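Treat the numbers as computed from the prediction; the structure is a model and nothing was measured.
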Amino acid sequence: QQTAAISTNTYDCPKSATNTFTMDADPKPVKESVGPSRTAGSGLGVALDGVPVFDSYEASGQTLDDAHIIQDTCNGHPTPGFTQAQYHYHRAPHCSNDGNSATEPTPYSETAGTHSPLLAYALDGFGIYGYQDHGGSGTACTVTCSSGTCTDNCASTSEKCHCGKGRWTGDNFCKTTGNTGRCERVPVTDGCGGHFGPVDNSGTIKYHYHSRATPPYTIACYGPSWGKCANIYTGKTSPCKTECAATNLVSNVCVATGYTSSFNINSVTFGAGYTSTGGTSGPGGLLPFSASFSVSPAYLVSFVLVLILLSLLL
């Protein structure tokens, strides 16, 4: 059935697109008096390979998880049933081609004991990184589950066992698929999905976003959230992440674990923030901007292979 649908409906095949992104080269976190702004429609950023990053919703208004929409091994797919057939991501891009390696996408991987790499940029100019935070030990770990309760053997209480691609101690993946991993710090973020913290060994603290395996996958709003994310989605299903834990709050902004004492809010220059223009205002809308990218053969082949496999299973 899946194969027949694809062979008769060319709308579901990825097509190249030419678009333009405009972002602030020196973005400033939004000040508290202004507060966060919501993402408009689907488009909220662009991956390093030039492919747009959409929000967590499909055209049906369901999240990608609830809609059971097919994705390729890079975590992307074309817009189902639309003439644009726009290839895009909802989840964190798992293939990171930065334009320096011909046409083949580079598999995304986490390095033990380090901050996740940069995967994309939100439209407000701040980076969207992978699943783990700075400061983890990176030591090997095992998850053990009994009667629905899971524990790991990580020595530090600030760490959990990262079983891979954003799955941590207690997640179903760690119970059923792979119960080993590395002890890492889970990013503690604000409602938008961001926090102030280092992204490398330089120790420089800056605002940035982190991905996660569950909705909203990347960001829920343009931050910092200042604890107000849910307030800006009145009348619409809120995609907001859980607001920052009290232990990580400094002057109402979220700071990465281990850096609350060294963070100086007076060193941060806040601004008017980013406001998305154009596009649609609900789940499943098209891009509220134009963007520039081409779908490489590697993306198309991986997507088709997934469809063929599913058709055989069905």
Working to the nearest 0.5 angstrom, can you tell me the gap between Asp200 CG and Thr114 OG1? 10.0 Å

Given Cys221 and Cys240, is the disulfide (SG to SG under 2.5 Å) satisfied, shown in steps? CA-CA 7 Å; Cys221 56; Cys240 301; 5.5 Å; no

Flag yes if Leu118 and Val46 sit in one hydrophobic cluster, no otherwise; membership is Ile, Leu, Val, Met, Phe, Trp, Tyr, and two members link when side-chain heavy atoms are under 4.5 Å apart. yes

Does any N or O in the side chain of Lys228 come within less than 3.5 Å of the main-chain N or O of Glu32, such that one atom is a donor and the other an acceptor? yes

If you look at every heavy atom in Asp49 and Val51, which pair is closest and at what distance? OD1-N, 3.1 Å

Nearest heavy-atom approach of Cys229 to Ala220 is SG-CB, 4.2 Å

Would a single hydrophobic cluster contain both Val143 and Tyr131, if residues Ile, Leu, Val, Met, Phe, Trp and Tyr are joined by side-chain heavy-atom contacts under 4.5 Å? no

Please report the closest heavy-atom contact between Tyr89 and Ala47, naming both atoms and the distance. CE1-CB, 3.6 Å

Can you tell which of Asp190, Thr260, Thr257 makes a side chain to side chain donor-acceptor pair (under 3.5 Å) with Asn248? Thr257

Using side-chain heavy atoms (C-beta onward) and a distance below 4.5 Å, is Phe263 in contact with Ser251? no

Can a side-chain donor-acceptor contact be found between Tyr259 and His134 if the only test is distance below 3.5 angstrom? yes

Using a 6.0 Å cut-off, check whether atom NZ of Lys31 has over 12 heavy atoms from anything other than its own residue. no

Assess the residue pair Ser147 and Thr149 against the criterion (side chain to side chain donor-acceptor pair (under 3.5 Å)); give the C-alpha distance rounded to whole Å, side-chain angles, the decisive distance to 0.1 Å, and a yes or no. CA-CA 6 Å; Ser147 302; Thr149 300; over 6 Å; no

Would you please indicate yes or no on a ring centroid separation below 6.0 angstrom for His90 and Tyr217? no

Of Glu184, Glu110, His210, the residue whose pairing with His115 passes side chain to side chain donor-acceptor pair (under 3.5 Å): His210

Please step through side-chain contact (heavy atoms from CB on, under 4.5 Å) for the pair Ile265 and Val253, ending with a clear verdict. CA-CA 9 Å; Ile265 196 168; Val253 297; 4.2 Å; yes

Report yes if the side chains of Leu119 and Pro93 come closer than 4.5 Å at any heavy-atom pair, otherwise no. yes

Passes side-chain contact (heavy atoms from CB on, under 4.5 Å), Arg212 versus Lys241? Steps please. CA-CA 10 Å; Arg212 61 187 293 176; Lys241 300 185 181 183; 3.4 Å; yes

How about Phe54 and Leu44: do any of their side-chain heavy atoms sit closer than 4.5 Å? no

Do the side chain of His195 and the main chain of Val255 share a donor and acceptor less than 3.5 angstrom apart? no

Going through the distances and angles, do Tyr222 and Val30 end up as a side-chain contact (heavy atoms from CB on, under 4.5 Å)? CA-CA 8 Å; Tyr222 301 108; Val30 65; over 6 Å; no

Donor-acceptor contact below 3.5 Å, side chain Ser211 vs main chain Gly130: no

Linking I/L/V/M/F/W/Y whenever any side-chain heavy atoms sit under 4.5 Å apart, do Val268 and Leu249 land together? no

Find out whether Glu243 and Ser225 are in side-chain contact, i.e. whether some heavy atom of one side chain is under 4.5 Å from a heavy atom of the other. yes

Given Lys175 and Cys150, is the side-chain contact (heavy atoms from CB on, under 4.5 Å) satisfied, shown in steps? CA-CA 8 Å; Lys175 299 176 185 178; Cys150 297; 3.4 Å; yes

Test Asp124 against every option in Tyr207, Tyr209, Tyr274 by the side chain to side chain donor-acceptor pair (under 3.5 Å) rule and name the one that passes. Tyr209

For residues Pro29 and Pro224, report the shortest heavy-atom separation together with the two atoms involved. CB-CD, 3.5 Å

Verify the neighbour count for atom CG of Asn201: are there more than 12 heavy atoms of other residues, nucleotides or ligands below 6.0 Å? no

Applying the side chain to side chain contact (heavy atoms under 4.5 Å, CB included) criterion to Thr218, which one of Thr39, Ile128, Asp55 satisfies it? Ile128

I'd like to know whether OH of Tyr121 has more than 12 heavy-atom contacts from other residues, nucleotides or ligands below 6.0 angstrom. no

Taken to the nearest 0.5 Å, the spacing of Asn231 CG from Trp226 CH2 works out to 14.5 Å

Judged by atom type as modelled, is there a donor-acceptor pair below 3.5 Å linking the side chain of Glu159 to the main-chain atoms of Cys154? no

Counting distance only, does the side-chain N/O of Thr142 pair as donor-acceptor with the main-chain N or O of Thr180 below 3.5 Å? no

Smallest heavy-atom separation, Gly197 atom then Ile205 atom, equals N-CG2, 3.4 Å

pair Trp168-Lys160: side-chain heavy atoms closer than 4.5 Å: yes

Reference residue Thr169; test side chain to side chain contact (heavy atoms under 4.5 Å, CB included); the match among Cys145, Cys141, Cys161: Cys161

Approximate separation, where rounding is to 0.5 Å, of Arg182 CZ and Thr111 OG1: 11.0 Å

Using the rule that two of Ile, Leu, Val, Met, Phe, Trp, Tyr join whenever any of their side-chain heavy atoms come within less than 4.5 Å, decide whether Val199 and Val188 are in one cluster. no

Establish, from distance only, whether the side-chain atoms of Ser137 and Thr139 form a donor-acceptor pair under 3.5 Å. yes

Between the side chain of Arg38 and the main-chain N/O of Ile232, is any donor-acceptor distance below 3.5 Å? yes

Are the aromatic ring centres of His208 and Tyr129 under 6.0 angstrom apart? yes

Could you state whether Ile219 and Val186 fall into the same hydrophobic cluster, counting links through intermediate Ile, Leu, Val, Met, Phe, Trp or Tyr residues with side-chain heavy atoms under 4.5 angstrom apart? no

